[in-house]
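Notes follow once the structure below has been shown.
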Amino acid sequence: MKWTETLIATLREDPQEAEIPSHRLMLRAGLMRKLASGLYTWLPLGLRVLRKVENIVREEMDRAGALEILMPILQPRELWEKSGRWESMDAIMLKARTHGGRELVLGPTHEEVVTGLVAGEISSYRRLPVNLYQINTKFRDEIRPRFGVMRSREFIMKDGYSFDLDEAGADRSYRLMYEAYQRIFRRCGLEAMAVEADTGMMGGRESHEFMVPAETGEDEIAVCPGCGYSANVEQAAVREGQFNGARTGEAVREVPTPGLRTVEELAEFFSASPRRFIKTLIYLAGGKPVAVLVRGDREINESKLAKKLGGAQPVLADGETILRVTGAPLGFSGPVGLEGIGILADYSVAEIADGITGGNREDLHLVNVNIDRDCPGLEFVDLALAAAGDPCPSCGKPIAVRRGIEVGHVFKLGTKYSRALGAVVKDEAGGERPAIMGCYGIGVSRTVAAVIEQHNDDRGIVWPAAVAPYQVLVLALAPDQPGVPEAAEEIISALAPTGRDILYDDRPASAGVKFNDADLIGFPVRITVGKRFLRTGLAEVKHRASEEVHTVPPEEVPALVDRLLA
RNA sequence: CGGGGCGUAGCGCAGUCCGGUUAGCGCGCACGGUUCGGGUCCGUGAGGUCGGCGGUUCGAAUCCGCCCGCCCCGACCA
């Protein structure tokens, strides 16, 4: 392909809208353009990368025995009512209505459709297992799209769904996908790690996220340097604590604290560590208030809380509710004497000796609170968000917390959808059983961004060969000089049998412009021919990643390119 | 949804506070010349509903009101 015959539009300056490297570089290198917030057009160069990632995904899915299908993006309301998600996922769904009044949703995911499909097509255990996948556009009305294609409203996703007769089969399917994912990300040139994860809106039991470690990632991962345990911090268990010291045995005392509401302000006022505070949060879960206790230096993990509360997403209560429930405005809640409301306490609270907490009266706090004495009968559970330095749930050594980009997610779904949508099969004994499902997603467009996050330098992108838009750039300097285009063509012909993707920069631009564009876009190998070639008969071959430069005659180029791209 | 910022040529920006020539600069683009191994240089030129609507005023990019879009932070940690 000649540069002058395709559409490559690089930007000389950083676009003002882009913050993180991948977003900035995808715009600057001309991979994509924004249409509106969270919506991007893929330009020829970017689309080539996207297709390469898709093809790697496709090859590995096929290799693992999955079958590719293509489902509609628009899905009927009825299907979503069967699973109960027409309501529960309303926040991220874009709904539409036809002229005839038929209600549809732009699919944020496809469990309902695929399960409905299997319900209709498969009725015997003999046809299981089956694993169906597609590579298709998803739409999620994100609260806040950001970082370009990293969190967009519309994005390309590979989603796959396995159906098995029994748990053992479902475990096998899960394992196959887990392994396929490791191959996929490795082939894309990504360093990705599988971490234990929360199942979130999908439901189900076991789940792993595939994370690409990156400072700019939106997720936090708890990693144990000791035993290799790793989990999303939302998922990481925080171990039961111990009492942290002797109590004085003194009675609870009331202390006026006018206007002091935050742990920070109170810690200063009492000259006490935040670890001495019993932070009392009033949540609303399914409209019902509940008091949640955690040590002052810790944060609540709402995903753990949701599970303890039976699944409803808890939201912090408004000031009015707090006043009604505790008798005091926000900032003065405490567990002592709190009645008419459920109380959940995090393990960390059990540790606190002679603690400080709200007095459930405006401008009043209590000191010398010992939870076992002053709030007898509380149950202590794990509600805390894991933090760096916490003991590893597996081996007890202190964990580290790193940031990462979630590029893939695998779930064991169980029978939630197969029951709801009637994906049942006859078993050997003639009985009916719901298929046991798994679902497996890869954010394909996000993976492109993740590759760039991991492979860039101050000059631009440094593509891994497997996903580069073109693996080789043949760059002609002074292409109007007799002999130069001929030399370029000769090298391109010599490379043709290798099957490499080759772009030929035939623009009559200055050397600096062409070299800078080459570096910005990040072609793995650049071959330069110009007047120097006419003089010496040698082409310059440069490897983007290592900056190795070789000067060789055209006939040696293919072997050298093979070596550099190996 | 809350807070902050921004919106002037394809891109990056100045001008707005303090209203007053034909609204500027750099890049890019077109044409001519020049140069030719790391964003050449010179010249000529095209390109603008100053986000939109309304208001104030003799006069609005500039002041006021409403709306829209985009980016960032947060989404209540008591």
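Throughout, a chain's letter reflects where its sequence line sits, starting with A, and its residues are numbered from 1.
Residues D457(A) and R544(A) have side chains in contact (heavy-atom distance under 4.5 Å, counting atoms from C-beta outward). Considering only heavy atoms from C-beta on, F155(A) stays 4.5 Å or farther from F139(A) through its side chain.
Residue M32(A) holds its CE atom at 9.5 Å from OG of S445(A), rounded to the nearest 0.5 Å. Going from atom CZ of R298(A) over to atom CG of L385(A) covers 8.5 Å, rounded to the nearest 0.5 Å.
Using a 4.0 Å heavy-atom distance criterion, R33(A) is classed as making no nucleic acid contact. Base contact: D519(A) has a heavy atom under 4.0 Å from a base atom. Note on E302(A): a base of the nucleic acid sits closer than 4.0 angstrom, heavy atoms only. Within the 4.0 angstrom heavy-atom criterion, no nucleotide atom of any strand lies near V292(A).
A side-chain N or O of T216(A) and one of E453(A) form a donor-acceptor pair less than 3.5 Å apart. In summary, the side chains of N370(A) and D354(A) do present a donor paired with an acceptor at a separation below 3.5 Å, with no hydrogens or angles considered. A donor-acceptor pair shorter than 3.5 Å cannot be found between the side chains of T257(A) and D363(A).
Under a cutoff of 6.0 Å and an axis angle of 45°, K95(A) and W86(A) form a cation-pi pair.
Here the P atom of nucleotide A75(B) and the CG atom of D318(A) are 18 Å apart, to the nearest Å. As rounded to whole Å, 14 Å separates atom P of G12(B) from atom CZ of R24(A). Atom-to-atom, OH of Y283(A) to P of A75(B) comes out at 11 Å; the value is rounded to the nearest Å. If you measure from atom CD of Q481(A) to atom C1' of U35(B), you get 12 Å, rounded to the nearest angstrom. The nearest whole Å value for the distance from the CG atom in D505(A) to the P atom in G39(B) is 15 Å. Look at CG on L475(A): it is 12 Å from P on G38(B), rounded to the nearest Å. Protein atom CG of L477(A) is 14 Å distant from nucleotide atom C1' of U40(B), rounded to whole Å. When rounded to the nearest whole Å, the span between CG of D517(A) and P of G39(B) equals 13 Å.
The partner of G12(B) is C25(B), by the rule that a Watson-Crick or G-U pair needs both atom distances under 3.5 Å. With a cut-off of 3.5 Å on both Watson-Crick or G-U wobble distances, the partner of U49(B) is given as none. Using the Watson-Crick or G-U wobble rule with both distances under 3.5 Å, C6(B) pairs with G69(B). In this structure, A60(B) makes no Watson-Crick or G-U wobble pair, since no nucleotide meets both defining distances under 3.5 angstrom. Remark: G19(B) base-pairs with no nucleotide in the shown strands. Criterion, Watson-Crick or G-U wobble with two distances under 3.5 Å. Nucleotide A30(B): paired with U44(B) (Watson-Crick or G-U wobble, both distances less than 3.5 Å). C1(B): Watson-Crick or G-U partner is G74(B), with both key distances under 3.5 Å.
Taking the C1' atom of each, A75(B) and C67(B) are spaced 25 Å apart, rounded to whole Å. Remark: the separation of the C1' atoms in C58(B) and G19(B) is 12 Å, to the nearest Å. Rounded to the nearest Å, the gap between the C1' atom of G47(B) and that of G55(B) is 32 Å. C11(B) and U16(B): their C1' atoms are spaced 22 Å apart (whole Å). Look at the C1' atom in both A60(B) and C53(B): the space between them is 15 Å, to the nearest Å. Nucleotides G3(B) and G12(B), compared at atom C1', are 27 Å apart to the nearest Å. Only the C1' atoms considered, G51(B) is 16 Å distant from G5(B), to the nearest whole Å. The separation of C50(B) from A61(B), taken at their C1' atoms, amounts to 4 Å, rounded to a whole angstrom.
Checking A75(B), G38(B), G39(B) against every side-chain atom of R459(A), the shortest atom distance belongs to G38(B). Nearest to the side-chain atoms of I143(A) among the listed nucleotides C77(B), G38(B), A75(B) stands A75(B).
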Hey, can you pull the donor-acceptor pairs under 3.5 Å for the side chains in residues 522-532 of chain A, sequence neighbours left out?
| from | atom 1 | to | atom 2 | distance (Å) |
| --- | --- | --- | --- | --- |
| R526(A) | NE | T528(A) | OG1 | 3.4 |
| R526(A) | NH2 | E540(A) | OE2 | 3.0 |

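Side-chain nitrogen and oxygen atoms of S510(A) include none within less than 4.0 Å of the OP1 or OP2 phosphate oxygen of G39(B).
Between the side chain of R28(A) and the base of G39(B) there is at least one donor-acceptor pair of N/O atoms closer than 3.5 Å.
Annotation: of the two residues near RNA chain B, F515(A) and R298(A), the 5′-most nearest-nucleotide partner is F515(A). When each of P508(A) and V263(A) is assigned the nucleotide of RNA chain B bearing its nearest heavy atom, the one mapping closer to the 5' terminus is P508(A).
Residue pairs satisfying the salt bridge (charged side-chain N to carboxylate O under 4.0 Å, His left out) criterion with at least one member in residues 380-389 of chain A, sequence neighbours excluded, are listed as follows: K304(A)-D382(A). Sorted by first then second residue, the side chain to side chain donor-acceptor pair (under 3.5 Å) pairs that include residues 320-340 of chain A, not counting sequence neighbours, are D318(A)-T321(A). Residue pairs meeting the ring-ring contact (aromatic ring centres under 6.0 Å, His included) criterion with at least one partner in residues 288-336 of chain A, sequence neighbours excluded, are F332(A)-H365(A).
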Is there any protein nitrogen or oxygen under 3.5 Å from a nitrogen or oxygen in nucleotides 27-31 of chain B, and what are the pairs?
| from | atom 1 | to | atom 2 | distance (Å) |
| --- | --- | --- | --- | --- |
| G28(B) | OP1 | R12(A) | NH2 | 3.1 |

Distances under 3.5 Å only, N/O to N/O: pair up the protein atoms with those of nucleotides 70-72 of chain B.
| from | atom 1 | to | atom 2 | distance (Å) |
| --- | --- | --- | --- | --- |
| C70(B) | OP1 | S37(A) | N | 2.8 |
| C70(B) | O3' | K34(A) | NZ | 3.0 |
| C70(B) | O2' | K34(A) | NZ | 3.4 |
| C71(B) | OP2 | S37(A) | OG | 2.9 |

